Amino acid sequence: MAKKRLVVLTGAGISAESGFSTFRDNNGYWDKYDPEDVASIRGWERDRQYVLDFYNGVREQLRDASPNRGHMLIASLEKDYDVDVITQNVDNLHERAGSTRVLHLHGEVTKVRPEKGAYDRDFSVSEVFDIGYERVDVGDLAPNGTQLRPHIVWFGEAVPNIEKAMDIVMKADIFLIVGTSLSVYPAAGLYRYVRDGVPIYVIDPKDVNLRDKRVVHIREKAGVGMEKFIKILENSR
Ligand code: OAD
């Protein structure tokens, strides 16, 4: 029998138990930094080194971090389910936990691209470089001679992978949302593409911005929440 399709949408909360801040909780990134300074094209044009240093710091933290139980359990579900992970996170912890199909909506912190290049007009152009955990500074240039910038989707920029994400969500037999407040569109609207009759689970210690009568809310952190979710799946098979 074909495996059921499980689609998992994740946000910063899935990486919290790996030591990363979320964005909107107390002491989150947006308490310490103004998103306008580090996640907008205006901030970039104002002070490139400040922006590069912010992402240099995230890359350094990521090098020393490990996937947590939540990431591992999502990866383990590939044994019994056809799993797609759609993540708003720019870290690579899903991949390092063993998930094989991961779509990044907001870019990847381990990648860079030219600040001015063909990618600006055509997202399929392969101008994106994997730099792993290396730092990038003002003066580090792409082969086309322009400054390297983080391969991150900043506020006000298009989300190149959103259509792929919609197609994936439309095919879900089970939809799971982990660790996102659902405050940022278009990612926050993806659940609207879930077909009728498909169950929606949310794992988050707090309320999230989603009103749908299908939602089963598991009010836990990602690790324990994933254990409970897997028990629910086992009991419903
Ligand atoms: P938020 O900070 O908005 O939401 C994080 C969610 O994780 C909240 O609902 C928390 O309750 C929950 N949470 C906290 N600890 C958790 C844990 N241990 N386990 C499970 N859940 C936990 O972060 P996102 O929704 O991911 O974009 O934010 C979306 C986007 O806004 C980000 O991708 C980022 C940001 O601006 C860019 O920077 C482009």
Side-chain angles (χ1 to χ4, degrees), residues 8-44 50-52 54-59 61-62 65-74 85-94 97 102-113 149-162 165 176-191 200-211 215-230:
V8 189
L9 173 67
T10 65
I14 185 83
S15 296
E17 287 162 275
S18 295
F20 284 91
S21 295
T22 57
F23 292 93
R24 295 173 182 79
D25 290 304
N26 283 343
N27 240 349
Y29 277 115
W30 298 156
D31 268 354
K32 291 177 233 149
Y33 295 89
D34 186 339
E36 167 91 8
D37 289 339
V38 296
S40 84
I41 198 72
R42 272 183 304 278
W44 172 250
Y50 183 76
V51 176
L52 289 169
F54 174 76
Y55 294 99
N56 284 337
V58 176
R59 229 174 273 119
Q61 188 185 354
L62 182 57
S66 306
N68 64 57
R69 183 131 186 85
H71 298 106
M72 303 302 262
L73 288 174
I74 291 171
V85 176
I86 301 171
T87 188
Q88 297 165 87
N89 298 348
V90 299
D91 66 48
N92 57 8
L93 296 174
H94 282 299
V102 183
L103 184 71
H104 287 268
L105 287 179
H106 294 162
E108 292 169 77
V109 74
T110 49
K111 295 184 177 169
V112 291
R113 65 172 196 266
R149 64 160 270 179
H151 184 50
I152 305 280
V153 175
W154 287 327
F155 287 105
E157 294 189 311
V159 179
N161 280 334
I162 195 66
L176 170 66
I177 300 172
V178 189
T180 169
S181 61
L182 295 172
S183 312
V184 175
Y185 286 84
L190 276 174
Y191 76 91
I200 301 179
Y201 296 88
V202 170
I203 298 175
D204 200 297
K206 291 195 198 147
D207 282 340
V208 301
N209 177 29
L210 172 51
R211 301 277 164 271
V215 171
V216 175
H217 191 161
I218 302 169
R219 255 174 225 286
E220 298 283 1
K221 292 184 176 176
V224 172
M226 278 305 299
E227 283 167 11
K228 291 196 175 174
F229 172 70
I230 288 173

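Atoms within a ligand are numbered from 1 in the order they appear, just like the ligands themselves. Because the structure is a prediction, the values reported are computed rather than measured.
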Original post:
Is the closest side-chain donor-acceptor distance between Asp91 and Ser15 under 3.5 Å?
Top reply: yes

message = Checking Gln88 against Thr10: is there a side-chain donor and acceptor pair closer than 3.5 Å?
response = no

Could you tell me whether some N/O pair between Ala39 and ligand 1 is separated by less than 3.5 angstrom? no

Regarding ligand 1, does Trp154 bring an N or O atom to under 3.5 Å of one of the ligand's N or O atoms? no

Contact region, Thr22 to ligand 1, non-hydrogen atoms below 4.0 Å, reads both

query = Any N or O on Gly13 sitting closer than 3.5 Å to an N or O of ligand 1?
reply = yes

N or O contact, Trp30 vs ligand 1, cut-off under 3.5 Å:
yes

Any chance you could lay out the side chain to side chain contact (heavy atoms under 4.5 Å, CB included) test for Glu157 and Ile41, step after step, and finish with the verdict? CA-CA 8 Å; Glu157 294 189 311; Ile41 198 72; 4.2 Å; yes

On a heavy-atom basis, the closest approach of Ala12 and Ser21 is CB-O, 4.3 Å

| query | Hey, is ligand 1 close enough to Ser183 that some N/O pair sits below 3.5 Å? | reply | no

- Between Tyr29 and Phe54, does the ring centre distance come in under 6.0 Å? yes

- prompt: Should Ile152 be counted as touching ligand 1, given the test is an N or O pair under 3.5 Å?
  reply: no

